[in-house]
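Below is one structure, written out as structure tokens; the observations come after it.
What you see is a predicted model; the values in this text were computed from it and never measured.
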Amino acid sequence: MESSTRSMRRSSTWRKWRIPRSTSFCAAGTSRYYGGWAAPNIYFLGYSGVIKFGNIRIGGLSGIYKPRDYHSGHYEMPPYDTNDIRSVYHVREYDVMKLKEVKGQIDIFMSHDWPLRITEYGNWEKLVRQKPFLRQEVLDGTLGSVPAAELLKALQPHYWFSAHLHCKFPAIIQHGENGPVTKFLALDKCLRGRKFLQIVDIESDPGPYEIQYDEEWLAITRKFNSIFPLTHKSVQLGGLDEQDYQQWVRNKLNARGAKPFDFVQTVPSFDPSQPLSNRSLCGHIRNPQTQSLLQFLELPYLLAITAEANTPNVNDELFDHEYVDVDDVDELEELVQVDDENT
């Protein structure tokens, strides 16, 4: 009875709890491909995206880099099978190309992956003492994401924040002789006793301090929509619309305002005292924020199109279905622990 009462109390607190400050993050979720409010005051940047907070520009790339999926389109649609549930959060070239189109200065960039060879700019010896199973990748120069490294070179943001390897790691990157500097920081998992939080002061003009759409990014989104890839197969990206839509977007934002469309709750809040219904997890649900954004940009809704649904996955020929992919450092650490126990 006491345990049940505590569970009900936590459930009630969950439904009432609200983040007091604007927060942005990168992750993965097909129905929110373009980003939007995941909850009041918590904004998802999308698979790739740029927003403004006051006059600070924040960019992000969601997901983990896996070469075999990098050139594929966004073919995964709920309900996911055992392969799609992993590949859906793998980085795609299309989303990286969009970020490479950004010309204005990015103040903060976020990614799950670390950029390739970022360890060369920090104390890698301390890192491998903490994570010894990463030593060979660090020494070989293969630790990190290739597309993230390309974006680091192209965008040269003032700050770059990452996660993935579950440890704190700072680095300072000098872009060329006398060039700009990027301050890189990765943090640990959000657990007791871990270094998962650091406060960084960034100068900005006076407010309003609120999340707003970024004009240049919306123009890029509209420009790239004509080549949005939905296929399993490796995609050759080309035939891009060369029209500059930034003035068109500026006019639209001046008329409507730059605040993102309001948060709309689409599923019930999680209640640990109630069983999870499988029916609520099946099928593609159109998110109202996504629909409103696409209508604003006068773009079609493409995410529910299941083109080539019956076409064999090109990845099926590349790896055995029994092969267990390792996507995150948690799984790497678990495998290391198993190896240690067996030796």
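Cation-pi geometry between R256 and F261 is satisfied (NZ or CZ under 6.0 Å from the ring centre, within 45° of the ring normal).
There is no side-chain donor-acceptor pair under 3.5 Å between T182 and Q156. In summary, the side chains of E216 and Q246 do not present any donor paired with an acceptor at a separation below 3.5 Å, with no hydrogens or angles considered. In this model, no donor atom of one side chain and acceptor atom of the other lie less than 3.5 Å apart for N287 and Q291. Side-chain atoms of D95 and Y33 include a donor-acceptor pair closer than 3.5 Å. Between the side chains of S273 and D271, a donor-acceptor pair is found at a separation under 3.5 Å.
A salt bridge links E298 and K252; the closest N-O separation between the charged side-chain nitrogens and carboxylate oxygens is under 4.0 Å.
A pairwise comparison of heavy atoms in P115 and A148 identifies CA-CB, 3.7 Å as the closest pair.
For D244, there are no side chain to side chain donor-acceptor pair (under 3.5 Å) partners two or more places apart in sequence or in a different chain. Scanning for side chain to side chain contact (heavy atoms under 4.5 Å, CB included) contacts around K168 gives L185, L187, K195, Q198, with sequence neighbours left out.
No side-chain heavy atom of S204 sits under 4.5 Å from any side-chain heavy atom of F53. Counting heavy atoms from C-beta on, the side chains of N55 and D107 never come closer than 4.5 Å.
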Verify salt bridge (Lys or Arg N to Asp or Glu O under 4.0 Å) between E150 and K100, making sure each step is shown before the conclusion. CA-CA 9 Å; E150 294 173 356; K100 288 180 178 179; 2.8 Å; yes
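Ring geometry for Y34 versus F228: interplanar angle of 30 to 60°, hence tilted. Under the 30°/60° scheme for interplanar angles, the aromatic rings of F109 and W160 are found to be tilted.
A side-chain hydrogen bond (donor to acceptor under 3.5 Å, both in side chains) check over residues 119-130, counting only residues at least two apart or in different chains, returns the pairs R117-E120.
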